[in-house]
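Presented below is the structure to which this report refers.
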2 protein chains.
Amino acid sequence: MNNNQRRSDCPISCSLDVWGDKWSLLIIRDLMFAKQCTYGDFLKSGEGISTNILASRLQAMEENGLIEKLSHPDSKAKVLYRLTQKGIDLLPVMLEISVWAEKYYDIDKDRKVVVKEYKKDKEGFLKASLKELKKV
Amino acid sequence: MNNNQRRSDCPISCSLDVWGDKWSLLIIRDLMFAKQCTYGDFLKSGEGISTNILASRLQAMEENGLIEKLSHPDSKAKVLYRLTQKGIDLLPVMLEISVWAEKYYDIDKDRKVVVKEYKKDKEGFLKASLKELKKV
DNA sequence: ATTTGCACTTGCAATATGCAAGTAAATTTC
DNA sequence: GAAATTTACTTGCATATTGCAAGTGCAAAT
């Protein structure tokens, strides 16, 4: 799949090597909103990722330390995915992407509210959200 | 190529539809640093984009209003590419990506300096950089 | 008039994606 | 307790995208 060679030591390039595709950040998004997700939860997301791509992205992101697998308390058949600290640290990136998209595209109204709150007091919003994400 | 269908009205998804691949943000990066670039300048960048991919990305980003083409003052054979306001507005995204990468990867020391400056006073740094980018 | 530089295009092989169907273990249902 | 269902994947194959190398056409320099 994705061999883990860096293309350069540019931070943008490094980042794209890790999550620069059409799906990885959507998985991260789901985890940021829901905190924990099962494989099936990701499949249910609106964009319709196909199951083989989902499996390959989850594996790559686990190998790159963005997410981790946990055993589900309810059942051995289920797996819980969760963000690591490295994954949680993508929050500011996700929020700035949202701010940009909100300026130029029609986006979901719930997310518009988040953007508005964030813009009002970026540092404060980040601090509170990070605290919340780290909780579990 | 890239048909311009939205996958959903999620801001992350919208954004990825526009620049979510391994190359677009590197082109944006070059333009943010150099302000103006020719086709040949992009080809010379460290990551080694191939010429057909470069052409397709430039076209897509022009169609999506991130960049624009200008005639080169020196020669009719040359073309200058420049960021539009929409492209310039990706600056906070680029900076937060850099902050993330700087935390987890070994990055170029010049970029480390930029990250350090940005983190010291985000709003101030942004304001100054935006002003500088809009100048030309 | 010929060569060089610049911005692309084209052809083709290699890789990645998307869809549909399949598998294996764990759980639920009868 | 056997059979059906749920869950997390894997496999096969068609299609789309990428990457490499070579080619084209116009402008400018020699």
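Residue numbers begin at 1 in each chain, while the letters A, B, ... track the order of the sequences.
When rounded to the nearest whole Å, the span between CG of Asp41(B) and C1' of dG5(C) equals 13 Å. Straight-line distance from the CG atom of Leu58(B) to the P atom of dT18(D): 14 Å, rounded to whole Å. Atom CG in Asp21(A) sits about 14 Å away from atom C1' in dT15(C), given to the nearest Å. Atom CD1 of Ile67(A) and atom C1' of dA8(D) are 14 Å apart (whole Å). Gln59(A) places its CD atom 13 Å from the C1' atom of dA8(D), with the value rounded to the nearest Å. When the C1' atom of dC8(C) is taken as reference, atom CD of Glu62(B) falls 13 Å away, rounded to whole Å. In this entry the distance linking OH of Tyr39(B) with P of dC8(C) reads 6 Å, nearest Å. Taking atom CG of Leu26(B) as the reference point, atom P of dT18(D) lies 13 Å away to the nearest angstrom.
Residues passing the side chain to side chain donor-acceptor pair (under 3.5 Å) test with Glu68(A), sequence neighbours excluded: Arg82(A). Legend: residues meeting side chain to side chain contact (heavy atoms under 4.5 Å, CB included) with Asp9(B), ordered by chain and number and at least two apart, are Asp108(A). Considering only residues two or more places apart in sequence or on other chains, Tyr81(A) meets the ring-ring contact (aromatic ring centres under 6.0 Å, His included) condition with Phe42(A). For Lys131(B), there are no side chain to side chain contact (heavy atoms under 4.5 Å, CB included) partners two or more places apart in sequence or in a different chain.
Residues of residues 71-83 of chain B that place a heavy atom closer than 4.0 Å to DNA chain D, in numerical order, are Ser75(B), Lys76(B), Ala77(B). Taking every heavy atom of residues 42-55 of chain A and every atom of DNA chain C, pairs under 4.0 Å involve Ser50(A), Thr51(A), Asn52(A), Ile53(A), by number.
Residue Asp106(A) places its CG atom among 12 or fewer non-hydrogen atoms of other residues, nucleotides or ligands, all under 6.0 Å distant.
For dT18(D), the OP1/OP2 oxygens have no side-chain nitrogen or oxygen of Trp23(B) closer than 4.0 Å.
The two residues Val18(B) and Leu66(B) come nearest to each other via the heavy atoms CG1-CD1, 3.8 Å.
Cluster note: Val113(B) groups with no other residue, as no ILVMFWY side-chain heavy atom lies under 4.5 Å from it. Hydrophobic side-chain contacts under 4.5 Å tie Leu80(A) into a cluster, directly or through other members, with Leu70(A).
The ring-ring contact (aromatic ring centres under 6.0 Å, His included) pairs that include a residue from residues 107-136 of chain B are Tyr118(B)-Phe125(B), where partners are two or more places apart or lie in different chains.
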